[in-house]
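Only one structure is covered here, and it is reproduced in the block below.
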Amino acid sequence: MAPPFRNVKGTRDLLPPETALWAAVEGTARRVMKAYGFAEIRTPILEETELFVRSVGETTDIVGKEMYTFQDRKGRSLTLRPEGTAPVVRAYIERRLGERPGSVRLYYIGPYFRYERPQRGRYRQFHQIGAEILGEPGPEADLELLLMLHRLLRELEFEDVEVRLSTLGDESSRAAFAEALREYLEPRADRLGEESRRRLEKNPLRILDTKHPEERQLLAEAPEMSRFLTAASRAHFERVLAGLERLGISHRIDPRLVRGLDYYTHTVFEIAAAGLGAQDAIVGGGRYDRLVADLGGEPVPALGFAIGLDRLLEVLPEAFRHRQRAAPPALVVAAGEVEPMEAVALAEELRDGGVAAIAELSGRSLKAALRAASRQELTTVVILGDEEARRGEVTVRDLRRGEQRSVSRAGLAATLGGSEG
Ligand code: HAM
């Protein structure tokens, strides 16, 4: 019979044992980011729609066709956050976080929403681990961010990742490039689709997003950003590159790297992992020196990244998965005349001793309980029978080896590898 309800298209239930890996990845990220001075921020999932229109940009795919936007009962336009940077900047301005001494380093972990066509590595509810630094103008901050990502990916046992980066320069570099792109494309506008023609007027840089093969061909001959960089912008990028060399982070300059959000300036980057096919970016980020001012704050330079957790989990290396595989809990079974409540009490004693344990509660026979335990891939069963109870002992059965032995109840937790206290 078909179930009466199904999850919404593009969303997923994350189930055990996979959820343990999610938690392990998140725990590793929290530890690494803390070591770089980041603290957690949790912003609401709902924001005013205008926040994303003004930051991500009106002509982007995200704002133009991917947002979950609706009116609440009072007619306000609200949006399920499609990304994390704009909400952090909103909070930074609204809560005056810039008044604290030093730069502000924040990270976040949570769900985001984009109405995209679901496929492998692309969901309508997906999850990000993101980090933002506000108040650091220098290229060393760009480097620290990349260094932190490098460390995190190494701790997750990734070997085959590619850092691709480019620069969009400052405002005047971008304006000069946008103008050159418009000059190149206008006489060729008959080869552009309807959407790109609209972008040509409003925001020519967004045309670089296109996936149409014919438009891509046209763009292959278009002027490149690097020609329009101001001296200061070029110097910033060169110091980032020199730092990557100095710190031994391999990378590739990709002058045609496009990010799907309008707020970037200077350094932009993506990190791709092998094995993901078309949707291979597991990290995207960059600098956004104008955004805080654009959203009504002081002109504060800033930068950040977001890791796509769903994608990262799909290619999480076996070496990390292996490390996380915890020993299953011991099953405690009361046999003979011993009351099931005694199994509950013994399981609790084991947990006091640092051993994960579950008590057999079903009241089935010892034989049936052992059979069920093998099917659940449990490895250790503790049997509390009449005889043993009298002697202050229990039987420990190793299901993999098919062996069993008597152990004193007092020494049981230590035998099972628990840590006292
Ligand atoms: P983004 O490149 O749009 O950047 O997203 C970052 C990552 O989120 C992507 O590389 C991808 O791994 C993941 N992602 C995005 N959309 C989906 C989806 N539909 N399904 C699965 N994964 C997805 C940002 O969001 C910026 N806020 C990053 C940033 C922070 N820039 C500066 N600070």
Side-chain angles (χ1 to χ4, degrees), residues 10 52-67 69 82-83 114-124 126 162-229 233 237 252-273 276-288 306 308 311:
F52 300 110
V53 176
R54 290 255 306 267
S55 54
V56 174
E58 213 180 329
T59 50
T60 58
D61 283 349
I62 295 178
V63 169
K65 41 191 168 191
E66 295 172 359
M67 293 205 301
T69 296
E83 64 100 47
R114 295 182 194 175
Y115 193 87
E116 295 192 81
R117 200 167 48 77
Q119 61 181 76
R120 176 153 186 248
R122 204 207 266 157
Y123 304 94
R124 290 182 175 171
F126 59 100
E162 183 181 61
V163 179
R164 309 191 275 242
L165 76 167
S166 182
T167 178
L168 299 174
D170 55 17
E171 211 161 337
S172 62
S173 317
R174 280 174 53 117
F177 178 45
E179 197 42 48
L181 204 55
R182 185 179 281 131
E183 273 169 24
Y184 169 79
L185 288 172
E186 250 162 13
R188 299 167 175 83
D190 55 325
R191 290 167 65 190
L192 294 176
E194 196 187 321
E195 176 164 45
S196 292
R197 248 178 275 167
R198 217 174 324 122
R199 286 171 161 174
L200 186 57
E201 259 171 51
K202 286 192 157 176
N203 189 358
L205 293 184
R206 278 271 71 90
I207 298 174
L208 302 172
D209 271 358
T210 183
K211 298 193 175 64
H212 296 291
E214 205 196 337
E215 294 186 358
R216 296 208 65 85
Q217 219 175 348
L218 193 60
L219 289 167
E221 309 280 305
E224 277 192 17
M225 177 70 221
S226 56
R227 278 175 43 204
F228 303 92
L229 293 176
S233 296
F237 193 52
R252 184 165 70 79
I253 300 175
D254 178 357
R256 302 208 175 265
L257 180 74
V258 279
R259 303 275 303 124
L261 309 96
D262 275 351
Y263 49 62
Y264 291 109
T265 55
H266 293 290
T267 321
V268 284
F269 58 86
E270 282 183 356
I271 300 180
L276 269 174
Q279 308 293 325
D280 70 346
I282 53 171
V283 185
R287 208 169 241 293
Y288 49 93
R311 285 185 202 171

Practice prompt. State whether the side chain of Arg206 and the backbone N or O of Arg199 hold a donor-acceptor pair below 3.5 Å, judged by distance alone.
Written response: no
Worksheet item: Any chance CD of Glu58 has more than 12 other-residue heavy atoms, nucleotides or ligands included, within less than 6.0 Å?
Response: no
Worksheet item: Are there more than 12 heavy atoms of other residues, nucleotides or ligands under 6.0 Å from atom CD of Gln119?
Response: yes
Item to complete: Quick one: closest heavy-atom pair of Ala222 and Leu181, and the distance?
Response: CB-CD1, 3.9 Å
Worksheet item: Taking atom types as modelled, is there a side-chain donor on Ser196 or Thr210 under 3.5 Å from an acceptor on the other?
Response: no
Worksheet item: Taking C-beta and beyond as the side chain, do Met225 and Pro255 meet within less than 4.5 Å on heavy atoms?
Response: no
Worksheet item: Going by an N to O cut-off under 4.0 Å, is there a salt bridge joining Arg174 and Asp262?
Response: no
Worksheet item: So, Arg256 side chain and Leu219 main chain: donor-acceptor pair closer than 3.5 Å or not?
Response: yes
Item to complete: Measure the CG-CG distance between Asp209 and Leu261 for me, rounded to the nearest 0.5 Å.
Response: 9.0 Å
Worksheet item: Do the non-hydrogen side-chain atoms of Lys65 and Glu195 ever get within less than 4.5 Å of each other?
Response: yes
Worksheet item: Hey, does the side chain of Arg182 reach the backbone of Glu201 with a donor-acceptor pair shorter than 3.5 angstrom?
Response: yes
Item to complete: For residues Arg252 and Val163, determine if any side-chain heavy atom of one lies less than 4.5 Å from a side-chain heavy atom of the other.
Response: no
Worksheet entry | Residue pairs involving residues 178-216 (criterion ring-ring contact (aromatic ring centres under 6.0 Å, His included); sequence neighbours excluded) | none
